[in-house]
Asks: 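What follows is a structure written as structure tokens; I'll ask about it next.
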There are 2 protein chains.
Amino acid sequence: MGRRRTVSAGEPLIWEDDDSLLVANVIEGVLKLTTSTADGREQIVGVAYPSDFIGRPFGQTSAASVVALTDARVCVFARNDFDRFAREHPELEHKLLERTLAELDRTRAWMMLLGRKSAPEKIATFLLDMSERLADNGCVHQPGAQSGPARQFTLPFSRQQVADLLGLTIETVSRQFTKLKADGVVALPGRRDVEILNRGALMALAG
Amino acid sequence: MGRRRTVSAGEPLIWEDDDSLLVANVIEGVLKLTTSTADGREQIVGVAYPSDFIGRPFGQTSAASVVALTDARVCVFARNDFDRFAREHPELEHKLLERTLAELDRTRAWMMLLGRKSAPEKIATFLLDMSERLADNGCVHQPGAQSGPARQFTLPFSRQQVADLLGLTIETVSRQFTKLKADGVVALPGRRDVEILNRGALMALAG
DNA sequence: CCGCCAGATTGATTTCGGTCAAGGTTCGCC
DNA sequence: GGCGAACCTTGACCGAAATCAATCTGGCGG
């Protein structure tokens, strides 16, 4: 019933306010969910990793755009087919409910960050979050490591995208990264590479 | 199976990070969902109106506190009873899924506001949102009015709570209200009363 | 290998909203 | 009706992050 599809980095899969015609499961890669204002400001409202569900079942329109951050493989379904199938399979609806509730919890925790945290707190929280989220998804170059938060990882985001996730500007993000490096809290071996040198300091900064 | 309960204004129903022992349906009144930092900053992450569902089914702990904003009546269920009952009644789970998806959409729209909107935009968006949400719930003093956004209504929030909802300080909220009044966009007949005099101007400000 | 250019950093300056500090209002309660 | 406290408004000032403006870097195509 589903069709495999590849989406290359930067390519959109779903457009904000469009009719909700498809839903999908992420097989590989990372995608962002965004909303934009008329004048072009963007806010990333969610990030989808492998095994995550994307799209808006049981609704006419999609509230967010979905764009691939890395090359990705997804399994897409026509929304109306999916809706019908789901209603006939309570186990599937239950799984979807559990995932949606978990996503709502994560989204609400992010509202705290957007509304009440300072730039240093936002960056520290972000790095710790990435360290945990990326560890579970084979996105990490950490040979022979047991599970748990990753010490070193590659961000699936550009600086601008980090800014769009945290409600900051690219300059502020850059300055905060530089400061963390200068303070010896992290190392930044490449544009998108992060190595956490002092997790305790990051946790203290995250508040 | 459920028990009726009254919760008076300011009284908590569920505590953040506590074991998720109960879920509930709002019958009457308005409640806030909040998260707090260790140092006491608060962010309102959701607002529950009559017919809304509150609590965290299928999860060990609650990610947010729930506190009544007005005197409220709710119908509470033990969470484990509810979980069991829901799994046996797909129609109920479906309804809950639809509501949760809608709440997630609303929450994501609010992230845009928190991360990217200016104080005037936040206040204007808030007032338009309240005008719509309160119209559907008998919270409005508008005799003989047909449905649609309310022109006049009473906020269920203090100034501090508006600040906690928008990620602002109480002083900024107060100044923005004063400015809207001075510009003739709204009238403020009482501490919590709002009358929209120029909806077009508000919509333009909301962006 | 070199030049190009998108993306990132760095610096100077501005501004919006926060902080600190008084007052002022309203409303419940005696 | 008057008292008191909680809530709200207003003003002066400050500072964090945005904005504006170069410069730098590093990855890629020629």
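Below, chain A is the first sequence line, B the second, and so on; all start at residue 1.
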Asks: Measuring from the side chain of A:Arg191 (C-beta onward, heavy atoms only), which nucleotide among C:dG7, C:dT10, C:dT26 has the closest atom?
Replies: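 Minimum distance to the A:Arg191 side chain belongs to C:dG7.
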
Asks: Let me know the distance between CG of A:Leu69 and P of C:dG7, rounded to the nearest Å.
Replies: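 Rounded to whole Å, this separation is 13 Å.
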
Asks: Separation of A:Leu155 atom CG from C:dG7 atom P, in whole Å?
Replies: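 So the CG-P distance, A:Leu155 to C:dG7, works out to 16 Å.
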
Asks: Okay, side chain of B:Lys32, backbone of B:Gln161: is any donor-acceptor separation there less than 3.5 Å?
Replies: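 The answer is no, because no donor-acceptor pair under 3.5 Å joins these two groups.
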
Asks: If we ignore hydrogens and angles and just use 3.5 Å, is the side chain of A:Ser8 paired with the main-chain N or O of A:Glu11 as donor and acceptor?
Replies: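 Such a contact is absent between A:Ser8 side chain and A:Glu11 backbone.
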
Asks: Grab the CZ-P distance between B:Arg159 and C:dG18 for me, whole Å please.
Replies: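 Atom CZ in B:Arg159 sits about 16 Å away from atom P in C:dG18.
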
Asks: What is the separation between atom CG on A:Leu188 and atom C1' on C:dT10, rounded to the nearest whole Å?
Replies: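 In whole Å, C:dT10 C1' and A:Leu188 CG are 15 Å from each other.
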
Asks: If you only use heavy atoms from C-beta on, which nucleotide in D:dC7, D:dT10, C:dT10 is closest to the side chain of A:Arg175?
Replies: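 Of D:dC7, D:dT10, C:dT10, C:dT10 is nearest to the side chain of A:Arg175.
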
Asks: Could you state the atom-to-atom distance from CZ of B:Arg41 to C1' of C:dG18 in whole Å?
Replies: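 Spelled out: CZ on B:Arg41 to C1' on C:dG18 is 13 Å.
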
Asks: Between B:Arg116 and A:Asp164, does at least one N-O distance fall below 4.0 Å, as a salt bridge requires?
Replies: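 Yes, B:Arg116 and A:Asp164 are salt-bridged.
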
Asks: To the nearest angstrom, how far is B:Gln176 atom CD from D:dG11 atom P?
Replies: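 After rounding, the reported distance stands at 15 Å.
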
Asks: Would you list the pairs meeting salt bridge (Lys or Arg N to Asp or Glu O under 4.0 Å) in which at least one residue belongs to residues 173-187 of chain A, sequence neighbours left out?
Replies: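 Matches after skipping sequence neighbours: A:Lys179-A:Asp183.
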
Asks: Could you identify which residues of residues 117-126 of chain A place a heavy atom less than 4.0 Å from some atom of DNA chain D, listed by residue number, or say none?
Replies: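 Residues of residues 117-126 of chain A under 4.0 Å from DNA chain D: A:Ser118, A:Ala119, A:Pro120.
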
Asks: Between the main-chain N or O of B:Glu16 and the side-chain N or O of B:Ser62, is there a donor-acceptor pair closer than 3.5 Å?
Replies: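 A pair under 3.5 Å: no.
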
Asks: So, is A:Ser174 near the phosphate of C:dT10, with a side-chain N or O under 4.0 Å from OP1 or OP2?
Replies: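 No, A:Ser174 has no side-chain N/O under 4.0 Å of OP1/OP2 on C:dT10.
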
Asks: Identify, between A:Gln160 and A:Arg116, the residue whose nearest nucleotide on DNA chain C lies closer to the 5' end.
Replies: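 That would be A:Gln160.
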
Asks: At a heavy-atom distance below 4.0 Å, what parts of residues 164-172 of chain B sit against DNA chain D?
Replies: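 Contacts with DNA chain D under 4.0 Å: B:Glu171.
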
Asks: Regarding B:Arg159 and the six-membered ring of B:Phe177, is the cationic atom NZ or CZ under 6.0 Å from the ring centre and inside 45° of its axis?
Replies: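 Ring-cation test returns yes.
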
Asks: In whole angstrom, what separates B:Asp39's CG from C:dT19's C1'?
Replies: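 Taking atom C1' of C:dT19 as the reference, CG of B:Asp39 is at 15 Å.
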
Asks: Could you tell me how far apart B:Gln161 (CD) and D:dC7 (P) are, to the nearest whole angstrom?
Replies: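 So the CD-P distance, B:Gln161 to D:dC7, works out to 9 Å.
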
Asks: Between the main-chain N or O of B:Gly40 and the side-chain N or O of B:Ser36, is there a donor-acceptor pair closer than 3.5 Å?
Replies: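 No; judged by distance alone, with no hydrogens or angles, the pair does not exist.
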
Asks: So, taking the atom named CD in B:Gln176 and the one named CG in B:Leu127, what distance separates them when rounded to the nearest 0.5 Å?
Replies: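 Reported to 0.5 Å precision, the distance equals 10.5 Å.
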
Asks: Just how far is it from atom CG of A:Leu165 to atom CD of A:Glu42, taken to the nearest 0.5 Å?
Replies: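 Output value for this atom pair is 10.5 Å.
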
